Engineer: 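Can you read through this structure? Questions will come right after.
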Amino acid sequence: MLNIFYYVEAIQGSLELLQTKLADNIHFEYGRDLPSPASYDILIDAFPTHERLTASPNLKSVIIPFAGPPKPAQDVLREHPNISVHNAPYNYVPTAETALALMMGASKFLVKGDRELRQGDWRLRYSERPQLLLQGRTVLILGYGRIGRHMAPVCKALGMDVLGVRRTLSDEDTQDPHAKVYAMTALAKLLPKTDVLLIALPETPETTGMIGEHELAQLPENAVLVNVGRGAVVDETALYEALRDEKLAAAGLDVWYTYPRQEEARANTQPSQYPFHELDNVILSPHRAGWLGRDDDSRIYFLANMLNQAASSGELPNKIDINLGY
């Protein structure tokens, strides 16, 4: 029997549904209070604590129930190297769709046009700022995983040349029909060819500040940047200044540098120390690319498949290297 405990923090989807989807040889419990006695083999927990990691002597694996483990979870889990860590990137499709929407919206200055025309202002139509054509341009997907593979065929269908960059290459990457995929070491030579930089990287010690002033300066004139990974991958000051000075033509940003700490701050927290909100060449999105609502059961079905695979084969999929953060 495989014993599972889901620590309830912020539930998306029905845990009752999850129970109905699990194999008969899985015992499943959930709640805010640890079971007594605690004997779970797998802990599902967004922000695991030392208490929950040590309560069960049988604990072998932790599932972070979304794509990337947050930094506090990484710090705690590194202190428990005997526990394997797995993620559940169930929402890669909506995240990819949002990235594509941000790319299209930013390159066409759609938000600026909408905001101005609501006031009867038609001047954008007659201005010297043209929309940016995507056909025939090169898009570089930085962090070429599930999100990138979902975006690549769409970008290719738009007539774009698609490049991908990732830490390690697999056979799937070398045979990808939609993109030319490179190792991370090729990033510097690829940036000067990149008209659209789509970032889908997690925040790790390796990726923090990866795109800074120097990297942004390597991009061609009228380049567009889209970030659905983590804000810290792009240097905050360098990004603001590049957009303010129009060294970058436009950006679509779903991930940020400052987040509200309490619920009451959600209505009045700027996402950066810099006034991105004053720039008309940026689309601001409140980190909702992968969010389909509390009633969406995508996470539930993804977790059920993972747990059933572990129960049948003894192998839990989607293992990550907690020292790297992905």
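All values reported here derive from a predicted model rather than from experimental measurement.
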Engineer: Counting distance only, does the side-chain N/O of T269 pair as donor-acceptor with the main-chain N or O of R266 below 3.5 Å?
Structural biologist: no
Engineer: Answer with yes or no whether the hydrophobic clustering places V162 together with L132; edges join I, L, V, M, F, W, Y residues whose side-chain heavy atoms lie under 4.5 Å apart.
Structural biologist: yes
Engineer: So, taking the atom named CG in L187 and the one named CG in L140, what distance separates them when rounded to the nearest 0.5 Å?
Structural biologist: 6.5 Å
Engineer: Decide, yes or no, whether a salt bridge links D321 with R167 under the criterion of side-chain N to carboxylate O below 4.0 Å.
Structural biologist: no
Engineer: CG of N91 to CZ of R299: how many Å apart, nearest 0.5 Å?
Structural biologist: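 Output value for this atom pair is 7.5 Å.
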Engineer: H86 side chain to P317 main-chain N or O, any donor-acceptor pair under 3.5 Å?
Structural biologist: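 Flag set: sc H86 to bb P317 pair under 3.5 Å.
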Engineer: Give a yes-or-no answer on whether the side chains of H287 and Y259 include a donor-acceptor pair shorter than 3.5 Å.
Structural biologist: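 On atom types as modelled, these side chains qualify, holding a pair under 3.5 Å.
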Engineer: Using side chain to side chain contact (heavy atoms under 4.5 Å, CB included) as the criterion, point out the one residue from L43, I322, L77, I44 that pairs with I64.
Structural biologist: L77
Engineer: Taking K156 for the side chain and P177 for the main chain, is one N or O donor matched with an acceptor at less than 3.5 Å?
Structural biologist: yes
Engineer: Compare all side-chain heavy atoms of Y7 with those of R32 and state whether any distance is below 4.5 angstrom.
Structural biologist: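 A side-chain contact exists here, since the closest heavy-atom pair is under 4.5 Å.
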Engineer: Do any N or O atoms from the side chain of N58 and from the backbone of S39 form a donor-acceptor pair under 3.5 angstrom?
Structural biologist: yes
Engineer: Taking CD in Q273 as the centre, count heavy atoms belonging to other residues, nucleotides or ligands within less than 6.0 Å. Is the count above 12?
Structural biologist: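 Atom CD in Q273 is packed in, count exceeds 12.
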Engineer: Between atom CG of L18 and atom OH of Y301, what is the distance when rounded to the nearest 0.5 Å?
Structural biologist: 10.5 Å
Engineer: Mark yes when over 12 heavy atoms from residues, nucleotides or ligands other than E264 sit less than 6.0 Å from its CD; otherwise mark no.
Structural biologist: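 Yes, the 6.0 Å shell around CD holds more than 12 heavy atoms from other groups.
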Engineer: Quick one: does any side-chain atom of R52 pair with a main-chain N or O of F47 as donor and acceptor, under 3.5 Å?
Structural biologist: yes
Engineer: Are more than 12 heavy atoms, taken from residues, nucleotides or ligands other than D24, located less than 6.0 Å from that residue's CG atom?
Structural biologist: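 12 or below, so no.
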Engineer: If I take atom CG from residue N281 and atom CG from residue L248, how far apart are they, to the nearest 0.5 angstrom?
Structural biologist: 8.0 Å
Engineer: Between CE of M184 and OG1 of T207, what distance do you get to the nearest 0.5 Å?
Structural biologist: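 One gets 8.0 Å once the value is rounded to the nearest 0.5 Å.
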Engineer: Answer yes or no: is there a donor N or O on one side and an acceptor on the other, between the side chain of N308 and the main chain of A311, under 3.5 Å?
Structural biologist: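 Flag not set: sc N308 to bb A311 has no pair under 3.5 Å.
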Engineer: What class does the angle between the rings of F276 and Y257 fall in, given that below 30° is parallel, 30 to 60° is tilted and above 60° is perpendicular?
Structural biologist: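 Correct class here is parallel.
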Engineer: Take a 6.0 Å sphere around OH of Y92 and say whether it holds more than 12 heavy atoms from other residues, nucleotides or ligands.
Structural biologist: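 At most 12 heavy atoms, drawn from other residues, nucleotides or ligands, come within 6.0 Å of this atom.
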Engineer: Is there a donor-acceptor pair closer than 3.5 Å between any side-chain N or O of D297 and the backbone N or O of S14?
Structural biologist: yes
Engineer: Restricting to non-hydrogen atoms, name the atom on A106 and the atom on G252 that form the minimum distance, rounded to 0.1 Å.
Structural biologist: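 That would be CB-N, 4.1 Å.
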Engineer: Closest approach of A238 and G212, non-hydrogen atoms and distance?
Structural biologist: CB-C, 3.9 Å
Engineer: Looking only at heavy atoms, what is the nearest atom pair of E215 and I211, with distance?
Structural biologist: OE1-C, 3.9 Å
Engineer: Would you give the length of the straight line joining atom OG1 of T194 to atom CZ of R137, rounded to the nearest 0.5 angstrom?
Structural biologist: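 Here the rounded value is 12.5 Å.
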Engineer: Please give me the minimum heavy-atom distance between L243 and A250, naming the atom from each residue.
Structural biologist: CD2-C, 3.8 Å
Engineer: Kindly write out the residues that satisfy ring pair (Phe, Tyr, Trp, His ring centres under 6.0 Å) with H178, not counting sequence neighbours, or none if the list is empty.
Structural biologist: none
Engineer: Looking at L316 and S61, what are the two nearest heavy atoms and their distance?
Structural biologist: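 Nearest heavy atoms, L316 then S61: CD2-CB, 3.7 Å.
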Engineer: With a 6.0 Å cut-off on ring centres, are Y240 and Y274 close enough?
Structural biologist: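 Close enough - the centres of the two rings lie under 6.0 Å apart.
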Engineer: With a 4.5 Å heavy-atom cut-off, do D176 and R149 have their side chains touching?
Structural biologist: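 In short, these two side chains touch, coming nearer than 4.5 Å.
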Engineer: With a cut-off of 6.0 Å (strictly less than), are more than 12 heavy atoms of other residues, nucleotides or ligands near NZ of K108?
Structural biologist: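 Yes, enclosed.
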Engineer: Is there a donor-acceptor contact under 3.5 Å linking the side chains of S170 and D173?
Structural biologist: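 Judged by distance alone, the side chains do pair up.
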Engineer: Could you go through D280 and R129, starting from their C-alpha distance and side-chain angles, then the distance that decides it, and tell me whether this counts as salt bridge (charged side-chain N to carboxylate O under 4.0 Å, His left out)?
Structural biologist: CA-CA 12 Å; D280 62 10; R129 173 180 278 177; 3.1 Å; yes
Engineer: We want to know whether E206 and T204 form a side-chain donor-acceptor pair, criterion being a heavy-atom distance below 3.5 angstrom.
Structural biologist: no
Engineer: Using only atom types and a distance under 3.5 Å, with no angle test, would you say the side chain of Q270 pairs donor to acceptor with the backbone of P275?
Structural biologist: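 Not at all, since once roles are kept as given, no pair shorter than 3.5 Å links the two residues.
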Engineer: Is the count of non-hydrogen atoms from other residues, nucleotides or ligands lying under 6.0 Å from E79 atom CD greater than 12?
Structural biologist: yes
